[in-house]
Amino acid sequence: MAEEHLSAEIVEETGEPQAPSAPPALVLGDDDPADAALHERIIGEEPAWRGNILDVRTIEVELPNGRLTTRDVVRHPGAAAVVALTDTGKIALVRQYRTAVDRVTVEIPAGKLDPGEDPQACAERELHEETGFRAGRIRHLTSILTSCGFCDEIIHIFMATNLTFDGATPDEDEFVNVDLVPLSELIDAVLDGKIEDAKTVVGALACDAIAHRLGIEAE
């Protein structure tokens with residue numbers, strides 16, 4: 001009864017019933033006018049350390065409140081990764097020792113971009129080098145910033161199908177084993193927290209979503 005009375009008051013005041021407010025829509029970064037007030041002004045950038053794959057730069061910035069500070073940023077050339085799906089619904093995964101975490105990880109094939117290299121060409125190259133598969137069809141799934149709090153690396157993730165095999169050609173300093181795992185098993189491992197590699201988590205979930213939309217039955 002109280003709800004009916006309240007509704008009547010709203011109609012009386014406005015002259016017409018009010019539609020419930022819509023939930024807020026997703027607004028991407030820098031698309032909201034209020035985002036301009038969050039920007040930091042870059043004053044200068046100096047090299048702090050240079051490595052074989054990445055550089056560390058110290059960047060002086062002015063904060064929105066006018067205060068000056070510095071940011072340490074890793075500059076990375078970017079990379080490409082590929083979710084390779086066989087005709088039987090299995091994903092090609094590579095097992096590789098990673099010095100940074102001192103253990104073998106299970107990942108989708110990936111590698112850094114050569115200067116000026118197209119990300120799709122990089123994905124196709126890495127797929128063949130690491131697994132021996134060539135893609136009859138390849139499409140872009142998504143791109144991810146791996147750690148945008150301190151690094152500008154972008155990994156472009158692709159999905160490869162219609163695979164043919166003609167032998168792997170890994171780099172001289174690259175030692176990997178290859179597994180073919182059912183997509184459903186990989187998804188279970190991701191959801192159970194057993195796969196920690198970010199590109200593999202994102203790639204697997206994106207591939208699974210597309211497989212469901214296309215009605216692909218993964219064994």
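Note that the structure is predicted; figures quoted are calculated from it, not measured.
Within the 4.5 Å cutoff, no side-chain heavy atoms of Val74 are placed close to those of Glu153. A heavy-atom distance below 4.5 Å is found between the side chains of His128 and Asp166. Using a 4.5 Å heavy-atom threshold, the side chains of Val83 and Ile91 count as touching. For the pair Ile155/Ser143, no side-chain contact is recorded, criterion being any heavy-atom separation below 4.5 Å from C-beta on.
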Practice task
Evaluate the salt bridge (charged side-chain N to carboxylate O under 4.0 Å, His left out) criterion for residues Lys199 and Glu107: first the C-alpha distance (whole Å), next the side-chain angles of each, then the deciding distance (0.1 Å), finally the verdict.
Solution key: CA-CA 8 Å; Lys199 65 182 180 292; Glu107 310 173 23; 2.7 Å; yes
Exercise for the section: Check the pair His140, Met159 against side chain to side chain contact (heavy atoms under 4.5 Å, CB included), reporting the backbone distance first and the verdict last. Expected result: CA-CA 6 Å; His140 180 252; Met159 180 177 175; over 6 Å; no
Exercise for the section: Let me see the working for Ile157 and Ile144 under side chain to side chain contact (heavy atoms under 4.5 Å, CB included), right down to the final yes or no. Expected result: CA-CA 8 Å; Ile157 303 176; Ile144 59 173; 4.1 Å; yes
Exercise for the section: Kindly determine whether Ile53 and His76 satisfy side chain to side chain contact (heavy atoms under 4.5 Å, CB included), including the steps that lead there. Expected result: CA-CA 7 Å; Ile53 296 177; His76 189 283; 3.9 Å; yes
Problem - Test side chain to side chain contact (heavy atoms under 4.5 Å, CB included) applied to Asp114 and Arg125, step by step - result: CA-CA 11 Å; Asp114 290 335; Arg125 172 174 58 78; 3.7 Å; yes
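There is no side-chain donor-acceptor pair under 3.5 Å between Thr58 and Glu46. There is no side-chain donor-acceptor pair under 3.5 Å between Thr105 and Asp197. Judged by distance alone, the side chains of Asp30 and His39 do bring a donor and an acceptor atom under 3.5 Å apart.
Rounding to the nearest 0.5 angstrom, the gap separating the CD atom in Glu124 from the CZ atom in Arg134 is 9.5 Å. Residue Cys148 holds its SG atom at 10.0 Å from CD1 of Ile154, rounded to the nearest 0.5 Å. Rounded to the nearest 0.5 Å, atoms SG (Cys122) and CZ (Phe158) are 8.5 Å apart. Residue Arg71 holds its CZ atom at 10.0 Å from CD1 of Ile59, rounded to the nearest 0.5 Å. Considering CD1 of Ile210 and CG of Leu205, their distance stands at 11.5 Å, rounded to 0.5 Å. Rounded to the nearest 0.5 angstrom, Ile138 CD1 and Leu127 CG are separated by 7.0 Å.
Counting all heavy atoms, side chain and backbone alike, Ala206 lies closest to Leu141 at CB-CD1, 4.2 Å. Heavy atoms only, all atoms of each residue included: Ile187 and Ala204 are closest at CD1-O, 3.3 Å. Nearest heavy atoms, Glu60 versus Leu68: OE2-CD1, 3.8 Å. Of all heavy-atom pairs between Ala110 and Glu126, the closest is O-OE1, 3.3 Å. When every heavy atom of Ile195 is checked against every heavy atom of Val201, the shortest pair comes out as O-CG2, 3.3 Å. Across all their heavy atoms, Gly29 and Asp35 have their closest contact at C-OD2, 3.8 Å.
In the hydrophobic clustering of ILVMFWY residues, with side-chain heavy atoms under 4.5 Å counting as a link, Leu38 and Val61 come out apart. Hydrophobic clustering (ILVMFWY, side-chain heavy atoms < 4.5 Å, transitive): Val202 and Leu113 are in distinct clusters. Following chains of ILVMFWY side-chain contacts shorter than 4.5 Å, one can reach Ile42 starting from Val73, so the two form part of one hydrophobic cluster. Linking ILVMFWY side-chain heavy atoms closer than 4.5 Å, directly or via other members, places Ile108 and Leu191 in a single hydrophobic cluster.
Salt bridge annotation for Arg75-Glu45: present, with a cationic side-chain nitrogen under 4.0 angstrom from a carboxylate oxygen. With respect to the salt-bridge test (charged N to carboxylate O, under 4.0 angstrom), the residues Arg103 and Glu196 qualify.
Put simply, the side chain of Thr86 gets close to the backbone of Lys90: a donor and an acceptor are under 3.5 Å apart. Here the side chain of Asp118 pairs a donor or acceptor atom with the backbone of Gln120 at under 3.5 angstrom.
Ring pair Phe133/Phe165 is perpendicular by interplanar angle, where above 60° counts as perpendicular and below 30° as parallel.
Summarising the local packing, CG of Asn52 is surrounded by 12 or fewer heavy atoms from other residues, nucleotides or ligands at distances under 6.0 Å.
A side-chain contact (heavy atoms from CB on, under 4.5 Å) with Val94 holds for exactly one of Asn177, Asp179, Thr131, Val106; it is Thr131. For the pairing with Leu85, the side-chain contact (heavy atoms from CB on, under 4.5 Å) check across Thr161, Leu163, Asn162 returns one residue only, Thr161.
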